[in-house]
Engineer: 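Just dropping this structure here.
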Amino acid sequence: MTNRSLKLRISAAFALLSSTAAFASDSVVIHDIVFATSIPDDQRDVTVKAVRAFYDFWNTGDQALLEKAIALSFTDRTLPPGRPQGPVGPAFASRQFRAAVPDLKVVVEKMIVAGDYVTVHMKFTGHFTGKFGQAQGSGQTIAFIATDLVKVESGRITDNWHIEDNLTLLRQMGVAKVAD
């Protein structure tokens, strides 16, 4: 490991620990964070803080965290059918999904910060005990991956491009069947 790489990792750890959300018991776990480019410390800190708040929101469903994370001009660039555009979209999606999987948790496996853009690879887990469309859960274990690319400006997420492993999720819920 180079001296520069070590300094970046130490800076990243300090930035994560200095975030107030890092002390919350439901704070999202981030296994690895990489800074792909050299950015000023203040920009790095506000970027990581916004992204951490966004995934703390997904981990807990706490709307106050979402409001800290996203801009009023937030745009979902891969908007699924039925989800409202703008800042209300993630809150809507979280409520809908938590109705099906009330114990939903997210772990960030890798976060790559490259200037204003952050790529986040995560794993969602929980148990399907609620209702999803016409399907009623019976406690099935849910574990699927997702990857987001978010843009952060002035300490707020303005754009999100996301992809989820919905086939795995729907198979685990018993909603989709795939022939072998």
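All of these numbers come straight from a predicted model, not from anything done at the bench. Throughout, residue positions are numbered sequentially from 1 according to the sequence presented. Excluded from the calculations below are hydrogen atoms, water molecules and symmetry mates; all remaining heavy atoms, backbone and side chain alike, are included.
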Engineer: Ignoring hydrogens, what is the shortest heavy-atom contact between Thr78 and Asp76? Give both atom names and the distance.
Structural biologist: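 Heavy atoms only, the tightest pair is N-OD1, 2.9 Å.
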
Engineer: Can you find a pair of side-chain heavy atoms, one from Phe35 and one from Val48, that are under 4.5 Å apart?
Structural biologist: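 Phe35 reaches Val48 side chain to side chain.
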
Engineer: Membership question, hydrophobic clusters at under 4.5 Å side-chain separation (ILVMFWY): are Val175 and Ile142 in the same one?
Structural biologist: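 The answer is yes; both residues are in one hydrophobic cluster.
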
Engineer: Start with the C-alpha distance between Tyr117 and Trp161, add both sets of side-chain angles, then the distance that settles side-chain contact (heavy atoms from CB on, under 4.5 Å), and finish with yes or no.
Structural biologist: CA-CA 11 Å; Tyr117 291 90; Trp161 296 261; 4.1 Å; yes

Engineer: Does the pair Lys110/Asp32 count as a salt bridge with the N-to-O cut at 4.0 Å?
Structural biologist: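 The answer is yes: the pair qualifies as a salt bridge.
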
Engineer: Kindly say whether Leu79 contributes a backbone atom to a donor-acceptor pair with the side chain of Gln85 at under 3.5 angstrom?
Structural biologist: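 Not a single qualifying donor-acceptor pair exists.
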
Engineer: Counting heavy atoms not belonging to Lys105, are there more than 12 under 6.0 Å from its NZ?
Structural biologist: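 Yes, the 6.0 Å shell around NZ holds more than 12 heavy atoms from other groups.
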
Engineer: Minimum heavy-atom separation for Gly155 to Ala50, with atom names?
Structural biologist: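 It is O-CB, 3.3 Å.
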
Engineer: Over all heavy atoms of both residues, which pair between Val106 and Val28 is shortest? Give the atoms and the distance, please.
Structural biologist: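 Val106 and Val28 have their closest heavy atoms at O-CG2, 3.3 Å.
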
Engineer: Report yes or no: do Arg52 and Ser27 form a side-chain donor-acceptor pair below 3.5 Å?
Structural biologist: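 The answer is yes; a qualifying pair exists.
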
Engineer: Only pairs under 3.5 Å count here: list side-chain donor-acceptor contacts from residues 124-135, not counting sequence neighbours, and write none if there are none.
Structural biologist:
| unit_1 | atom_1 | unit_2 | atom_2 | d |
| --- | --- | --- | --- | --- |
| His127 | ND1 | Asp103 | OD2 | 2.6 |

Engineer: Indicate every side-chain donor-acceptor pair of residues 86-93 with a distance under 3.5 Å to a residue at least two apart or in another chain.
Structural biologist:
none

Engineer: Report yes or no: do Ile39 and Ile30 belong to one cluster of Ile/Leu/Val/Met/Phe/Trp/Tyr joined by side chain heavy-atom distances under 4.5 Å?
Structural biologist: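 In one cluster with Ile39: Ile30, yes.
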
